[in-house]
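Only a predicted model underlies this, so the values are computations on that prediction, with no experimental measurement involved. Chain A is the first sequence line, chain B the second, and so forth, proteins listed ahead of strands; every chain is numbered from 1.
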Protein chains: 2
Amino acid sequence: MKLSNGVEWGLHCCVTLSQAQGPLPAQILAELHGIPAAYLAKHLQALSRAGVVRSSQGQDGGYSLASPASEITVLDVVAAIDGPGELFRCAEIRTRGPLAVPPEKCSQRCSIARAFAAAEQLWREALSKVTIADLADGIDRDSSGTALGEVREWLSSH
Amino acid sequence: MKLSNGVEWGLHCCVTLSQAQGPLPAQILAELHGIPAAYLAKHLQALSRAGVVRSSQGQDGGYSLASPASEITVLDVVAAIDGPGELFRCAEIRTRGPLAVPPEKCSQRCSIARAFAAAEQLWREALSKVTIADLADGIDRDSSGTALGEVREWLSSH
DNA sequence: CTCAACCCGGATATCATGTGTCCGGGATGC
DNA sequence: GCATCCCGGACACATGATATCCGGGTTGAG
C-alpha cells in the first residue's frame, strides 16, 4: 500500500552524489540528510547491487553514481530498493472455493489482475521518464538556484 | 509497496454481488471464494462505510451493491479498503540535517514528491476507468461465457 | 608493513501493519 | 420470541519495515 522510506532516501542520496566530485561515504550522506547511517548503508548496498551506484572500498572510498545523473531514472531506484515486485499481487482466488477454476485454464491472468497491471505500467512509465538530473534541477529551481550550491559547499568542507 | 489482499477479495465480491438478485451474507461470499469469513466481513464493512455496497440487517439480510455495477470503479474499491493514502509518502527529509530547509519555504512539495504524485495520478486514473461491470465482462469472456452463469446458478441453490 | 578508513554481509531487536479469530450488541423477518 | 445477520471492537499472530551492531575484507596513506 505504501512505498518504503528508503526509496526517498535513495533518491536524495543520488541527487547528492550527482553534485559530488568523488566518492562519498555512507556516513557523510546520512549526516547531510539527518538519517540513521547504519540503516542508510543497507539501502546503499541495495543500490550498489542493482548497479545504480558504484562503491569503492578503503580509505577515501565511498559511493558514487555508476552512470550519469541524466541516465538514472526514478524507477531504477524504486526497483533497486523496493524490489521488482508488482504493487498488486493476484492471489488467484478463482482457483479456490466450490467453483474453482482448474489451474490449466489459468494461463492468462484474470481481468482484475490485468486492470492493475495496466495501471501499474503507466505508473512505471511515468517514473522511468524522470531522471536524477531532473530531480536535481527541480530542487534547484525550488530554491531559486541556491540549494545545490550549498550542498556542494558543505561537501567540500567535510 | 504492495496492496492489501482484501482489495482483490473486495473486487471479486463486488463482481459476485453484481450477479445476485438480492442481498448476500458475508458467509456465502466467503464460502464461494474460499476465503475466511470473519476476515472478509471486515473488508465488507469498509466497503459499506465507503458507500460502495449497502448492508441490510436481519434475516435474509446481507450485502448488495449500492450503485449499478457500471458506476462502481476499481479505484472506489481500492480507496475503500486500502485507504485513501498515497503510495509514496514524502518524509520531508529536506527539513532535516545541517542544510535543513525552513518549513516556511516548504509550501510546495519537493520535486521527488511531485514526480511520484504525477505517476500515481496516472495509476488512479487508469483504475477509475475500469468498472465492476467491465471486470465481470472480462471474467465471462475468459471463461467463454460460462463463469457468470455458474455463479448465478450456485447462488440460487444456496 | 601497519594502521585507519571504509564497504560488505549477516544476525538481531523493535515496531507498525496486515492477517485472522472471536464475541457481545443491535436490527430484521418469521 | 427466535433465528439470522450486520456491526464494532478486542485480541492474537505473521510479516515486513525500521534500526543497530559486529566481524571480515579492501584500500590508501604514513
Side-chain angles (χ1 to χ4, degrees), chain A residues 1-10 13 17 20 22-31 33-64 66 78 80-83 85-89 91 93 96 158, chain B residues 1-10 13 17 20 22-31 33-66 78 80-83 85 87-89 91 93 96 158:
Chain A
M1 155 188 186
K2 64 176 179 54
L3 287 179
S4 158
N5 232 332
V7 172
E8 181 178 0
W9 298 358
C13 285
L17 289 176
L24 294 180
Q27 178 66 43
I28 291 292
L29 286 169
E31 185 181 342
H33 295 117
I35 57 184
Y39 189 32
L40 175 63
K42 279 225 167 305
H43 293 309
L44 289 172
Q45 286 172 27
L47 286 174
S48 176
R49 273 192 298 272
V52 175
V53 303
R54 194 196 331 264
S55 70
S56 52
Q57 294 191 340
Q59 190 170 326
D60 289 329
Y63 292 95
S64 49
V78 170
I81 294 183
D82 226 56
E86 303 190 333
L87 298 180
F88 175 82
R89 290 173 315 167
I93 70 174
R96 298 159 64 173
H158 278 74
Chain B
M1 155 187 187
K2 61 176 180 54
L3 286 180
S4 159
N5 233 332
V7 172
E8 181 178 359
W9 297 358
C13 285
L17 289 177
L24 293 181
Q27 178 65 44
I28 292 292
L29 287 169
E31 186 181 342
H33 295 116
I35 56 184
Y39 189 32
L40 175 63
K42 279 219 166 310
H43 293 308
L44 290 172
Q45 286 172 29
L47 286 173
S48 177
R49 274 193 299 272
V52 175
V53 303
R54 193 196 331 267
S55 70
S56 51
Q57 294 192 340
Q59 190 168 327
D60 290 330
Y63 292 95
S64 48
L65 292 183
V78 170
I81 293 183
D82 226 56
L87 297 181
F88 175 82
R89 291 172 315 167
I93 71 174
R96 299 161 62 174
H158 278 73

Checklist entry - Can you tell me how far the CZ atom of B/Arg54 sits from the CG atom of B/Leu17, to the nearest 0.5 Å? => result 11.5 Å

Checklist outcome for this item: Out of C/dC7, D/dG8, C/dG20, minimum distance to the side chain of B/Arg49 belongs to D/dG8

Checklist entry - What nucleotide, of D/dT20, D/dA19, C/dC7, holds the atom closest to the side chain of A/Pro25? => result C/dC7

Checklist entry - Hey, which of these two, B/Ser48 or B/Gly58, hits DNA chain D nearer its 5' end, going by closest nucleotide? => result B/Gly58

Checklist entry - In whole Å, what is the span from the CD atom of B/Gln45 to the C1' atom of C/dT21? => result 13 Å

Checklist outcome for this item: Picking from D/dG8, C/dT19, D/dA10, the nucleotide nearest the side-chain atoms of B/Lys42 would be D/dA10

Checklist entry - Taking everything shown except B/Arg96 itself, do over 12 heavy atoms lie less than 6.0 Å from its CZ? => result yes

Item to check | Sidechain-backbone polar pair: B/Ser56 side chain, B/Gly62 backbone, donor-acceptor under 3.5 Å | outcome: yes

Checklist outcome for this item: Of the listed C/dT19, C/dG9, D/dA29, the closest approach to the A/Asp60 side chain comes from D/dA29

Checklist outcome for this item: Ranking D/dC7, C/dG18, C/dC22 by distance to the side chain of B/Tyr39, first place goes to C/dG18

Checklist entry - B/Gln57 CD to D/dC5 P: how many Å, rounded? => result 12 Å

Checklist outcome for this item: Rounded to whole Å, CG of B/Asn5 lies from C1' of C/dG20 at a distance of 12 Å

Checklist entry - Considering only side-chain heavy atoms of A/Gln59, which listed nucleotide, D/dC6, C/dC8, C/dA5, is closest? => result C/dA5

Item to check | Candidates C/dC7, D/dT20, C/dT21 - which lies nearest the side chain of A/Pro36 | outcome: D/dT20

